Engineer: 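Attaching a single structure in structure tokens format; questions to follow.
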Amino acid sequence: MTVLRSQLDVSSETYASHRTAQLEVLAQLDEQLELVVAGGGERYTQRHRERGKLPVRERLELLLDPDSPFLELSALAAWGTGFTVGASVLTGIGVVCGVECMVVGHDPTVRGGAMNPYSLRKALRALEIARVNRLPVVNLVESGGADLPTQADLFVPAGRIFHELTELSSLGIPTVAIVFGNSTAGGAYVPGMCDYAVLVDRRAKVFLGGPPLVKMATGEESDDESLGGAEMHSRVSGLSDYFAVDEHDAIRLGRQIISRINWRKLGPPPSAAPEPPRYDPEEILGIIPPDPKVPFDPREVLARTVDGSDFDEYKPLYGTSLVTGWASIHGYPVGVLANHRGVLFSEEAKKASEFILLANQTDTPLVFLQNTTGYMVGARYEQGGIIKDGAKMINAVTNSTVPHLTITMASSFGAGNYGMSGRGYDPRLLFAWPGAKLAVMGAAQLAGVMSIVGRASAESQGKPFDEEADRRRTAAIEAQIEAESHAFHITARLYDDGIVDPRDTRTVLGMSLSAVHSTTVAGRRGFGVFRM
Ligand code: COA
């Protein structure tokens, strides 16, 4: 039998205290998500409605199939910066007429939907996800273009949006622009580069330069309608393929377009009627210790994540601080690599490398559950070749071509982040739990290293070492690194695709697996499996 048996005591004090701590972190997350949903706030939302326009989330709801789920991405983009949390754009994967699509929607209530450097990174990441997973893209357009005060950080990389849209088209991945309002200057190229454009009557404004700019440039007198209205673009310029009488009509037309693209997923379908886990996902909250230094058994998480809690463990007696094995999630077969006791030794690195090669031989997607403090240091381990073994694992992760999905459960430090398919290793989607911490090393360790380096430097120069100043500096560095390791700080900078409630792990992985199966699922072949 390969069904996991949980050892979790749900009546214990430890369980209760873990759960309480997690609920507190989740309350902080909810607070931020409420701000995201509020967008530009009451005043701008009311003004938007008074203009007879729908907020972006209502546009999205009308676009998606009724009662279908939406996997929102990078919801906390720009958190902790001077920009509105969420970064004035909404992105995510949803189902339109039965087709999983990437949706990119401007929020016109936040500074007129203008794109700041975080909005740009968020939009570009969404388009990249669409490209690598072969997801049609629907743009809900209404934006003031570049956030002008930050144009220096924006203008050059923003050109990539048109590049991505064009590349999607060249790969046969359909792109649709539904234009609800302003889409001027650079924004005009969104309907310009998309395969299909729908423009809303008397609302869409699609021109390279508005009336004041035209007047300045050529002296010509003009107005919004003649320069870029839906009627003109539908009857005269031909930029618009579909003339919509209002917003509802535009969304109806967008759905109609998707219903005609004759879309077929290229990956194998999931098995029918997969079994739910035998243990309640709700209990995951009681597994996670609030102190990320305290390890926990990822099998307890898997027992609440994989189909039927059925986990066929690979090499369970070897390299035991990394758990590897086969399972399925919502009917999709997966190989799982999950850290157990944090540190990766040579055995774990070799076991991971072999396992990744095996998954590639059988075209099986990989799920990485990160909770690692990195590869082991020390003379014994260096002499044992930890660098070479870590390099094997990083090589295997780099060259693996099956889809990778990564969840940062708790710690993600050092090269362990790389070996466990962190952002730099192109996982198709990467999420974090809200209590996760990510950095080159732990805050205390990093501050301690800096103190040792400072002391050695003073000694080598024959200078006295100010112990009091060192204590202050060490405390300041530790606080800085602690803040920068926080999950909100990481997700704000687009180093993952969003923070997820640990209880939703199975659902999020299921939706992600479904999305990645939009394209072919094929492992890398050629070398066979190296036995290490
Ligand atoms: N960059 C930075 N801030 C912008 C902005 C931009 N491109 N466009 C609008 N904003 C700000 C406004 O200053 C205003 O801020 P405030 O409320 O604190 O005063 C807020 O966003 C809302 O703008 P407002 O003009 O009141 O909204 P609107 O819905 O009536 O009009 C636009 C929206 C986008 C049509 C209009 O603001 C506009 O034309 N913006 C400039 C567009 C442009 O030239 N972009 C450059 C293209 S590359």
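A quick note: this is a predicted structure, and the numbers were derived from the prediction, not measured. Ligands are counted one by one from 1 in listed order, and the atoms in each one are counted from 1 as well.
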Engineer: Just to confirm, does any protein heavy atom lie below 4.0 Å from atom 47 (C) of ligand 1?
Structural biologist: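 Neighbour list for atom 47 (C) of ligand 1 includes protein heavy atoms (cut-off 4.0 Å).
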
Engineer: Would you mind listing which atoms of ligand 1 come within a distance below 4.0 Å of any non-hydrogen atom of A146?
Structural biologist: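 Every atom of ligand 1 under 4.0 Å from some heavy atom of A146: 1 (N), 6 (C), 7 (N), 48 (S).
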
Engineer: So, is R51 polar-close to ligand 1, with some N/O to N/O distance under 3.5 Å?
Structural biologist: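 Looking only at distances, the answer is yes, because the N/O contact criterion of under 3.5 Å is met.
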
Engineer: Can you confirm whether M441 is buried at CE, in the sense that more than 12 heavy atoms of other residues, nucleotides or ligands lie under 6.0 Å from that atom?
Structural biologist: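 Correct, the count exceeds 12.
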
Engineer: From the options G187, G144, G181, S88, select the one whose nearest heavy atom is closest to atom 34 (C) of ligand 1.
Structural biologist: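 Comparing heavy atoms across G187, G144, G181, S88, the nearest one to atom 34 (C) of ligand 1 lies in G144.
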
Engineer: Just distance, no hydrogens or angles: give the donor-acceptor pairs under 3.5 Å from side chains in residues 182-196, sequence neighbours left out.
Structural biologist:
unit_1: N182; atom_1: ND2; unit_2: S143; atom_2: O; d: 3.2
unit_1: S183; atom_1: OG; unit_2: G187; atom_2: O; d: 2.8
unit_1: D195; atom_1: OD1; unit_2: S169; atom_2: OG; d: 2.6

Engineer: Please confirm whether R134 makes a cation-pi placement over W263, using NZ or CZ under 6.0 Å from the six-membered ring centre and within 45° of the ring normal.
Structural biologist: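 Yes.
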
Engineer: Looking at H486 versus F488, is the centre-to-centre ring distance below 6.0 Å?
Structural biologist: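 Ring-ring flag for H486/F488: true, centres closer than 6.0 Å.
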
Engineer: Can you confirm whether something in the protein, heavy atoms only, sits under 4.0 Å from atom 44 (O) of ligand 1?
Structural biologist: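 Flag for atom 44 (O) of ligand 1 set to false, no protein heavy atom closer than 4.0 Å.
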
Engineer: Got the closest protein heavy atom to atom 2 (C) of ligand 1, with its distance?
Structural biologist: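 The closest one turns out to be D147 OD1, 3.3 Å.
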
Engineer: What protein heavy atom sits nearest atom 25 (O) of ligand 1, and how far off is it?
Structural biologist: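 Checked against all protein heavy atoms, atom 25 (O) of ligand 1 sits closest to R47 NH2, 4.9 Å.
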
Engineer: Do any non-hydrogen protein atoms sit less than 4.0 Å from atom 21 (O) of ligand 1?
Structural biologist: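 Looking at atom 21 (O) of ligand 1, one finds that a protein heavy atom does lie closer than 4.0 Å.
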
Engineer: Could you tell me whether ligand 1 has any atom less than 4.0 Å away from a heavy atom of P149?
Structural biologist: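 Contact present.
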
Engineer: Can you report which non-hydrogen protein atom sits closest to atom 33 (C) of ligand 1, along with the distance?
Structural biologist: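 Closest protein heavy atom to atom 33 (C) of ligand 1: G112 CA, 4.3 Å.
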
Engineer: Checking R260 against Q256 for the side-chain hydrogen bond (donor to acceptor under 3.5 Å, both in side chains) test, could you report, in this order, the C-alpha distance in whole Å, the side-chain angles of both residues, the deciding distance, and whether it holds?
Structural biologist: CA-CA 7 Å; R260 300 266 183 206; Q256 185 179 304; over 6 Å; no

Engineer: Under 4.0 Å from atom 37 (O) of ligand 1, do we find at least one protein heavy atom?
Structural biologist: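 Within 4.0 Å of atom 37 (O) of ligand 1, no protein heavy atoms are found.
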
Engineer: Verify salt bridge (charged side-chain N to carboxylate O under 4.0 Å, His left out) between D65 and R255, making sure each step is shown before the conclusion.
Structural biologist: CA-CA 9 Å; D65 291 355; R255 286 179 55 81; 2.8 Å; yes

Engineer: Going by the atom numbers of ligand 1, which of them fall below 4.0 Å from some non-hydrogen atom of A185?
Structural biologist: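 Going through ligand 1 atom by atom, the ones under 4.0 Å from A185 are 47 (C), 48 (S).
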
Engineer: Which of the atoms in ligand 1, numbered in the order shown and given with their element, are less than 4.0 Å from a heavy-atom of A114?
Structural biologist: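 Listed by number with element, the hits are 1 (N), 5 (C), 6 (C), 7 (N).
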
Engineer: Ignoring hydrogens and geometry beyond distance, is a side-chain donor-acceptor pair present between S119 and N116 at under 3.5 Å?
Structural biologist: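 Per modelled atom types, S119 and N116 side chains form a pair under 3.5 Å.
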
Engineer: May I ask which of Q151, E142, R111 has a heavy atom nearer to atom 9 (C) of ligand 1 than the others do?
Structural biologist: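 Result: the heavy atom closest to atom 9 (C) of ligand 1 is in R111.
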
Engineer: Under 3.5 Å, side chain of S514 to main-chain N/O of M511, donor-acceptor pair present?
Structural biologist: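 Checking the backbone N and O of M511 against the side chain of S514, no donor-acceptor pair under 3.5 Å is found.
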
Engineer: Is the shortest distance from atom 30 (O) of ligand 1 to a protein heavy atom below 4.0 Å?
Structural biologist: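 For atom 30 (O) of ligand 1 the answer is yes, since some protein heavy atom falls inside 4.0 Å.
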
Engineer: For ligand 1, does N182 get within less than 4.0 Å through its side chain, its backbone, both, or neither, judged by non-hydrogen atoms?
Structural biologist: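 N182 to ligand 1: side-chain contact only, backbone stays beyond 4.0 Å.
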
Engineer: Measuring centre to centre across the rings, with the benzene-like ring taken for any Trp, is Y425 within less than 6.0 Å of H404?
Structural biologist: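 For Y425 and H404, the ring centres are not under 6.0 Å apart.
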
Engineer: Any atoms of ligand 1 less than 4.0 Å from a non-hydrogen atom of Y44? List them with their elements.
Structural biologist: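 It comes down to these atoms of ligand 1: 16 (P), 17 (O), 18 (O).
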
Engineer: May I ask you to check whether over 12 heavy atoms, not counting those of F162, lie within 6.0 Å of atom CZ?
Structural biologist: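 For F162, atom CZ is crowded (more than 12 foreign heavy atoms under 6.0 Å).
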
